[in-house]
Colleague: 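What follows is a structure written as structure tokens; I'll ask about it next.
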There are 4 protein chains.
Amino acid sequence: MKETSRPRPIETVTIVAKRGKPEAAAAARRIARLLRARGLAVGFDRDTARSLGRPRDGRDLGGRGRPADLYVAFGGDGTLLRLARSISAAPRPILGVNLGGLGFLTETSLGEVADVLGEILGGRYSVDRRMGLEVSLVRAGRTVMRQTILNDVVINKSALARIIDLGVTIDRQFVSTYKADGLIVATPTGSTAYSLSAGGPIIHPNMEALLIAPICPHTLSMRPLVIPDRSRVEITLRTGDSEVYLTLDGQVGHPLRAKDRVRVRRSRLPILMVRSPRTTYFEVLRHKLHWGKR
Amino acid sequence: MKETSRPRPIETVTIVAKRGKPEAAAAARRIARLLRARGLAVGFDRDTARSLGRPRDGRDLGGRGRPADLYVAFGGDGTLLRLARSISAAPRPILGVNLGGLGFLTETSLGEVADVLGEILGGRYSVDRRMGLEVSLVRAGRTVMRQTILNDVVINKSALARIIDLGVTIDRQFVSTYKADGLIVATPTGSTAYSLSAGGPIIHPNMEALLIAPICPHTLSMRPLVIPDRSRVEITLRTGDSEVYLTLDGQVGHPLRAKDRVRVRRSRLPILMVRSPRTTYFEVLRHKLHWGKR
Amino acid sequence: MKETSRPRPIETVTIVAKRGKPEAAAAARRIARLLRARGLAVGFDRDTARSLGRPRDGRDLGGRGRPADLYVAFGGDGTLLRLARSISAAPRPILGVNLGGLGFLTETSLGEVADVLGEILGGRYSVDRRMGLEVSLVRAGRTVMRQTILNDVVINKSALARIIDLGVTIDRQFVSTYKADGLIVATPTGSTAYSLSAGGPIIHPNMEALLIAPICPHTLSMRPLVIPDRSRVEITLRTGDSEVYLTLDGQVGHPLRAKDRVRVRRSRLPILMVRSPRTTYFEVLRHKLHWGKR
Amino acid sequence: MKETSRPRPIETVTIVAKRGKPEAAAAARRIARLLRARGLAVGFDRDTARSLGRPRDGRDLGGRGRPADLYVAFGGDGTLLRLARSISAAPRPILGVNLGGLGFLTETSLGEVADVLGEILGGRYSVDRRMGLEVSLVRAGRTVMRQTILNDVVINKSALARIIDLGVTIDRQFVSTYKADGLIVATPTGSTAYSLSAGGPIIHPNMEALLIAPICPHTLSMRPLVIPDRSRVEITLRTGDSEVYLTLDGQVGHPLRAKDRVRVRRSRLPILMVRSPRTTYFEVLRHKLHWGKR
């Protein structure tokens with residue numbers, strides 16, 4: 001997989017703003033005006049369109065219509081993750097704009113966005129191809145859910161449950177039974193999300209790999225495991241009497257039952273992220289993790 | 001606090017067996033017979049009495065009657081923790097007997113128990129005074145729950161909730177706002193329970209100290225904190241929109257609401273544990289944590 | 001041990017400045033003048049006296065003369081540690097003044113020092129009694145070195161050596177053989193020094209405890225261990241063919257030989273630290289470890 | 001890179017035995033006889049040949065002669081690492097045989113080796129292509145050392161030195177200045193060696209990636225970093241007054257000077273490891289790390 005690529009010319013843009021954030025909506029309106037003045041066709045997702053009082057400009061993200069050439073997300077990493085999932089079947093470049101705090105996925109600030117869009121429209125930008133994951137939930141032999149995600153798949157116990165047992169295989173080889181609060185399977189992009197709090201390593205987002213990190217493992221020698229992107233991971237819930245949940249990108253939750261199998265593999269299509277021309281990945285790391293201070 | 005002490009002569013014994021474990025009940029019956037043959041008065045907790053078909057020998061643990069001189073628990077650490085909480089208002093020595101796997105609180109095996117009881121009745125034993133914690137839950141200025149525990153107080157979010165904010169003070173001094181999956185306040189005894197999985201240190205059970213360990217903290221530089229036993233810890237739930245629970249010794253759960261305050265201090269009375277004459281604390285550590293192998 | 005105490009009136013002060021730091025010497029001179037103007041007898045350690053061109057005001061720290069009532073250290077934690085060791089046989093209150101960065105032992109800044117000294121001379125201050133360690137090195141049955149330290153005792157291998165084996169006993173009970181790069185025994189004060197980098201917990205400086213933390217242990221389940229302050233720790237170097245060193249407070253080094261025994265116990269006398277009236281311990285923690293930031 | 005491949009027919013074998021281990025030499029002699037009986041040409045490295053009293057069968061590993069079709073190493077991971085470095089310019093399959101303890105690189109036991117060789121000679125085996133690293137030491141603009149290694153490049157301070165500063169760039173982008181005891185750059189194969197003790201993740205040996213793990217970093221939020229195999233890492237020693245060493249595969253040491261640059265990139269040629277038909281990588285992990293035990 002090429003890590004970056006020069007994309008096609010941009011004629012249509014869809015803008016998504018974080019819900020319930022007036023400054024996100026205001027920025028969306030301002031940028032839409034600016035892009036229209038340059039002759040582009042601009043739409044919004046349905047929620048944003050409604051909050052701007054322009055319901056007719058609303059688009060179904062990931063729906064049947066022709067996708068936009070560029071998507072701009074105003075908000076935090078959550079807004080961008082939701083957008084990325086929605087368009088995962090027909091990926092197009094996404095520009096993430098933060099509303100204050102620099103995010104791993106939203107490197108561009110409100111103050112920079114007009115200039116950055118100018119460069120993008122002039123073709124002076126590049127796109128990162130981020131690896132996603134395809135997750136399926138198999139219950140009693142039937143696939144009851146399938147989803148593409150960008151950050152992580154988390155299986156964890158409810159607050160009141162006791163430790164749970166998760167049997168893990170990779171490419172049908174038995175790895176171990178994890179006795180833990182839960183387990184994370186993350187993409188490189190997701191390695192700086194929840195996995196980092198659970199003790200996982202940082203994986204450069206241009207890598208192609210899967211990361212398996214236990215959450216509070218009972219066995220102290222259990223360590224995060226990085227495996228090739230072509231691996232097929234299967235996690236079986238061995239515990240019967242506990243409330244356990246499957247959470248995707250920190251947003252979508254499913255209750256699990258005993259013997260449920262969660263299968264994870266890399267997704268066929270990448271997520272396309274406009275690379276910030278203003279900052280490097282390592283600058284974001286240093287800033288977010290307070291490196292190089294003291 | 002003296003770490004160990006010679007206890008008074010033993011005339012009455014109460015036996016507790018893990019529920020739903022036939023081998024625990026069988027061991028309880030066998031040991032009861034042996035103790036009665038030596039002239040001791042033997043009773044059981046109500047559940048064990050019922051499962052042995054001797055409901056009239058049942059006693060209310062922690063009830064109004066005179067406490068036994070010795071308590072014997074057959075089961076895992078959970079059985080012993082429940083017993084210890086029940087008699088916390090009038091502590092008496094507890095002997096923990098495991099049904100197979102060596103436990104941090106149940107060092108004596110089924111095979112050793114008859115011999116060990118012989119030594120105890122002969123006065124050849126010592127008792128560890130373990131520090132407990134007194135936990136109160138304060139809601140809108142009112143104390144709505146108060147409990148004594150031996151291992152740990154855990155505040156954590158439900159599986160589907162996002163990260164929570166917990167404000168912590170010690171002796172009214174602000175420590176930090178913990179953004180995390182949760183927080184553990186543990187006794188030294190509890191340091192080898194859940195806290196160990198969350199990255200906490202091992203604190204020798206003869207210590208008098210409180211341990212505060214975050215669960216998957218967002219801020220990577222947050223580390224477990226060991227504070228004097230006289231400290232008063234107060235934790236305020238700052239997050240309003242998440243499901244959050246308070247769990248005591250891994251067994252008793254309470255849902256928390258925004259602004260709830262959890263107060264933790266050492267309990268006035270100790271928990272008294274019969275020290276195994278057959279093994280040292282470090283032997284248990286080496287065995288349970290696979291130290292000294294390879 | 002009482003954690004703080006009101007000290008006696010102050011008539012004599014000895015000032016120590018970090019070597020080779022002109023701003024430390026300048027501050028020492030300025031503060032000496034200020035204290036003399038208030039009628040106090042002010043001296044310096046020999047090095048500082050010489051660098052100020054006043055060799056006759058030099059004192060032997062820890063020598064036979066009457067100790068000063070107060071010691072002021074200008075510099076980093078290293079300057080203060082050296083001073084604390086020098087006067088450990090006759091401890092007197094120490095005020096640590098940093099030259100820029102806030103230190104765990106030097107909480108007072110240059111800008112605050114005049115005011116803080118004013119409060120101290122007025123009797124409005126308190127003193128922390130910090131636990132020290134007494135370390136002895138026993139070779140072939142003979143004690144070849146003995147020293148009092150405030151932070152930590154470190155045994156570690158040289159850069160080119162392979163993993164070393166360190167046998168550890170506590171109160172003559174065998175704990176484990178640590179296969180590691182090395183081992184740290186720290187006071188609570190030292191828990192925020194090297195031990196923190198090696199994965200140790202933070203122990204409140206008012207605690208009385210010893211901390212044993214392995215450095216890069218081969219056995220992944222080995223965890224830092226907190227033990228009672230009355231414990232006697234003995235570490236035996238089991239490896240014969242590696243270069244191994246004993247380092248005290250990060251400053252004094254001794255090469256070790258196979259079968260050498262390092263014995264560590266709490267020191268009889270405390271180190272007395274003037275508590276900053278301007279900041280709490282937790283403020284220092286938050287500042288140094290970037291807590292409460294994102 | 002293909003992860004495994006079917007290799008060519010085997011006609012010549014070179015055997016290497018761990019120095020100073022009589023059982024390694026005895027096994028080498030026995031296996032040589034067995035292979036010769038099957039018509040193969042068998043040689044030894046010079047040391048092994050001498051210790052077997054057959055100096056004329058000695059070969060220069062990595063010398064000008066035609067390399068063997070198969071190499072067999074009797075000993076621990078160290079013996080195999082030395083061999084792998086010696087033949088890195090013309091890689092051939094290596095079979096690692098342990099003398100007792102299962103090793104990450106020596107999965108085959110003495111008891112299995114005859115059968116395993118039978119399968120290899122019958123063509124029923126596969127070969128793992130393990131990524132190596134090419135390390136160069138650049139001093140004052142000149143490359144003064146260059147080496148190929150399989151496990152790890154370690155830069156660390158001597159026992160008596162203070163913390164060191166290491167400036168790291170990846171593909172000329174500044175990452176951070178690491179204040180630490182040292183830094184490890186490891187291959188996936190090396191992730192289960194020293195890096196694991198320093199807190200690094202486990203990287204599957206079929207991955208192609210570099211791992212950068214700090215040793216006891218001063219900044220607590222510094223985490224191991226996994227980067228693409230095509231990355232070029234440059235580490236500059238910023239500290240001038242400390243003894244610092246560069247160690248390759250735990251075996252070869254070089255003193256470093258201030259401003260020295262250590263450059264690391266993947267090696268052009270792989271190391272070829274015969275994959276054990278008897279065990280999987282995850283079995284080795286479970287065994288070595290005591291997973292699945294309690």
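In what follows, every chain begins at residue 1, and chains take the letters A, B, ... in the order their sequences are listed.
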Colleague: With a 4.5 Å cut-off on side-chain heavy atoms, are L225(A) and L285(D) touching?
Modeller: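 Side-chain contact under 4.5 Å: yes.
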Colleague: Which value, rounded to the nearest 0.5 Å, describes the distance between T280(A) atom OG1 and D171(D) atom CG?
Modeller: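 With rounding to 0.5 Å, OG1 (T280(A)) is 11.5 Å from CG (D171(D)).
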Colleague: Starting from the C-alpha separation in whole Å, work towards a yes-or-no answer on side-chain contact (heavy atoms from CB on, under 4.5 Å) for R230(D) and N206(A).
Modeller: CA-CA 11 Å; R230(D) 63 188 168 275; N206(A) 288 348; 4.0 Å; yes
Colleague: Find the distance between CZ (F282(D)) and CD1 (I227(A)) and round it off to the nearest 0.5 Å.
Modeller: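 These two atoms lie 6.5 Å from each other.
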Colleague: L196(A) versus chain D, heavy atoms under 4.5 Å apart: side chain, backbone, both or neither?
Modeller: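 Both backbone and side chain.
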Colleague: Among the options G199(A), A213(A), P217(A), S231(A), pick out the one with the most heavy-atom pairs lying under 4.5 Å from chain D.
Modeller: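 Among the listed options, the one with the most contacts to chain D is G199(A).
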Colleague: Measuring from atom CD1 of I202(D) to atom CD1 of I212(A), what distance do you get when rounded to the nearest 0.5 angstrom?
Modeller: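 Spacing of CD1 (I202(D)) from CD1 (I212(A)) equals 10.5 Å.
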Colleague: Can you tell me if R257(A) has over 12 outside heavy atoms packed within less than 6.0 Å of its CZ?
Modeller: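 No, not enclosed.
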Colleague: Could you measure the distance from the CE atom of M207(A) to the CD atom of E208(D)? Nearest 0.5 Å is fine.
Modeller: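 Rounded to the nearest 0.5 Å, the CE-CD separation comes to 9.5 Å.
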Colleague: Need one label for Y178(A): side chain, backbone, both or neither, based on atoms under 4.5 Å from any heavy atom in chain D.
Modeller: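 Just its side chain gets close to chain D.
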Colleague: Tell me, side chain or backbone of I203(D) under 4.5 Å from chain A's heavy atoms, or both, or neither?
Modeller: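 Contact with chain A is through both the backbone and side chain of I203(D).
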Colleague: From Q173(D) CD over to Y281(A) OH, what is the distance, rounded to the nearest 0.5 angstrom?
Modeller: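 These two atoms lie 11.5 Å from each other.
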Colleague: For the backbone of T192(A) and the side chain of R223(D), can you confirm whether one donor and one acceptor N or O come within less than 3.5 Å of each other?
Modeller: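 Pair absent, no side-chain N/O of R223(D) close to backbone of T192(A).
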Colleague: Is there a side-chain contact between R286(A) and F174(D) (heavy atoms, below 4.5 Å)?
Modeller: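 With C-beta onward as the side chain, the pair touches.
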Colleague: For P228(D) and H204(A), which heavy atoms make the closest approach, and how far apart are they?
Modeller: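 What the structure gives for the nearest pair is CD-CB, 3.9 Å.
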Colleague: Would you say that W291(D) contacts V175(A) through its side chain, given a criterion of any heavy-atom pair below 4.5 Å between the two side chains?
Modeller: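 Answer yes - side chains close enough.
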Colleague: Should we say atom CZ of R238(D) is surrounded by more than 12 heavy atoms from elsewhere, each under 6.0 Å from it?
Modeller: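 Buried by this count: over 12 neighbours within 6.0 Å.
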